[in-house]
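Written below as structure tokens is the structure these notes are about.
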2 protein chains.
Amino acid sequence: MQKIPEATIGRLSVYSRYVGSLEKKGILTVSSAEIAEGVNGSPAQVRKDLAYFGEFGTRGVGYNVESLNQQIIKILGLSIRWNVVIIGAGNLGSALTQYKGFQNRGFNTLAVFDNDVNKVGLKISGVPIYPIDRLEEFVKKENIQIGIVAVPFQYAQEVVDRLVKAGIKAVLNFAPCVISVPSQVEIRNVDLTVNLEILTFNMGANKF
Amino acid sequence: MQKIPEATIGRLSVYSRYVGSLEKKGILTVSSAEIAEGVNGSPAQVRKDLAYFGEFGTRGVGYNVESLNQQIIKILGLSIRWNVVIIGAGNLGSALTQYKGFQNRGFNTLAVFDNDVNKVGLKISGVPIYPIDRLEEFVKKENIQIGIVAVPFQYAQEVVDRLVKAGIKAVLNFAPCVISVPSQVEIRNVDLTVNLEILTFNMGANKF
DNA sequence: CCGGAAATGTTATTATTTTCACAGGGGGGT
DNA sequence: ACCCCCCTGTGAAAATAATAACATTTCCGG
């Protein structure tokens, strides 16, 4: 039980997507060098990343595409389905609700919550929009593990606090702000501005 | 001219946002410990990150809020405005177009492109939607430096190739796939599924 | 059945990033 | 003017991560 770099986990997710695409093409075997090429990585890193979790390949041969993908999916915790709610039915919340990629990877979006009474009662790709007051009740009753926060930053901490109180296990936050959660709750931030600003820094970064 | 960790740049962006909020509150001085608290970081790291670029503080006192923020903004390359196009006028593209945070940080979204003739001619928060055929022409003529790609993954590489040919400097890609660009073009991927899967890994990760 | 090519798993090395500790400069009170 | 507290900047140490190198295993052809 050693510590695994978070970057490794991110890469495993990418490997899984790539290996999945090979599986669909009917390819049976793949080498670390081929995976590396498919994901813009290095063969050594692919092998190292996988080696944290066991021996999945055959020396001299490579990896069985199907079983490798199953193993990675298991490692990532995707062999069970996860119940998700999205808070915020604006454009971003709607985009996330409609996004097929989540379904495919085992995430069930069961509801969207919003404080706009005009939106309540509508559906987004079949997912109902509920009033924000019902958030805690729903999270508890439906055993929701993951909350995706797509509200304006002013409301984000409050929404997260309510999710935490209702027993959420993990939060994916899109609001551009720092959120505090107790240590047993997992949180990740997807910060659009930060990403853009890393780009602008790199574009100008010959001076340093 | 030493190498600066990318994580440092990401944190500078967050510092800037935090320090900007202090500025709005009329706070004049801030210490590294206070910044650290505001962004869930450590004081030493705040100081180290800033020290890559110079000495911005006063020993025994702290940092002047206003000038610190100006310095960070300059470091991040945000003292000039950047011209941006968004490709894809779906929910995600619309959300990005409407997002105020970009404007505030110096990003001008000049156009959205889509291949849906029903959307062409409409506007999103005042930003016009143009047909995708006009992409290259527009990028060249309007001197667009940054392209934000919010199209289905099947089209992403093609769109990026076209942006690159038209002379784009940087790409922010939201499509869940690996994109190849020549080395002089900056690219960053915002991969929603990867972020969710890091969460699920962490939720189950007592076994490793 | 043997030898060579191929590709993994693993150890060692190198590079990078974070954390720690403290010297140095600055301001305010007495 | 001096002392003491405060907080930065920085060099050294520790921790973490990436890369390289290689020993080992497998397959295949002759």
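None of the values given here were measured: they were computed from a predicted structure. Every chain is numbered from 1 and lettered A, B, ... according to where its sequence line falls, protein lines coming before strand lines.
Residues B/Asn83 and B/Glu142 bring no donor and acceptor atom of their side chains to less than 3.5 Å of each other. In summary, the side chains of A/Gln45 and A/Asp49 do not present any donor paired with an acceptor at a separation below 3.5 Å, with no hydrogens or angles considered.
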Treat primed atoms plus P, OP1 and OP2 as sugar-phosphate and everything else as base, then score nucleotides 25-30 of chain C 5' to 3': B for base contact with protein heavy atoms under 4.0 Å, S for sugar-phosphate contact only, - for none. BSS---
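The OH atom of B/Tyr155 sits 15.5 Å away from the CG atom of B/Asp161 when rounded to the nearest 0.5 Å.
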Verdict with supporting geometry, A/Thr200 and B/Arg105, side chain to side chain donor-acceptor pair (under 3.5 Å): CA-CA 11 Å; A/Thr200 58; B/Arg105 299 293 281 177; over 6 Å; no
Assess whether side-chain contact (heavy atoms from CB on, under 4.5 Å) is satisfied between B/Phe53 and B/Leu12, documenting all intermediate values. CA-CA 11 Å; B/Phe53 301 96; B/Leu12 283 179; 3.4 Å; yes
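Side-chain contact between A/Asn115 and A/Val151: absent, with no pair of heavy atoms (C-beta onward) separated by less than 4.5 Å. With a 4.5 Å cut-off on side-chain heavy atoms, A/Pro176 and A/Leu192 do not count as touching. Taking the side chain as every heavy atom from C-beta outward, A/Ile124 and B/Asn91 never approach each other to under 4.5 Å. Looking at heavy atoms from C-beta onward, A/Trp82 lies in side-chain contact with B/Met203 at the 4.5 angstrom threshold.
In this structure, B/Tyr130 and B/Phe113 have tilted ring planes: the angle between them lies in the 30° to 60° band.
Sorted by residue number, the members of residues 25-49 of chain A with any non-hydrogen atom under 4.0 Å from DNA chain C read A/Ser31, A/Ser32, A/Arg47, A/Lys48. A heavy atom lying under 4.0 Å from DNA chain C marks the following residues of residues 62-69 of chain A, by number: A/Gly62, A/Tyr63.
Taking atom CD1 on B/Ile4 and atom C1' on C/dT17, their separation rounds to 13 Å, with Å as the unit. A/Tyr52 has its OH atom 17 Å from the P atom of C/dT8, to the nearest Å.
Between B/Arg188 and B/Glu6, at least one side-chain nitrogen of the basic residue sits less than 4.0 Å from a carboxylate oxygen of the acidic one, meeting the salt-bridge criterion.
Evaluation of the side chain to side chain donor-acceptor pair (under 3.5 Å) rule for B/Glu23 yields B/Asn69 as partners, not counting sequence neighbours.
Applying the side-chain hydrogen bond (donor to acceptor under 3.5 Å, both in side chains) rule to pairs touching residues 26-37 of chain A yields A/Ser31-A/Glu34, A/Ser32-A/Arg47, sequence neighbours excluded.
The footprint of chain A on DNA chain D, defined by a heavy-atom cutoff below 4.0 Å, extends from D/dA17 to D/dC27.
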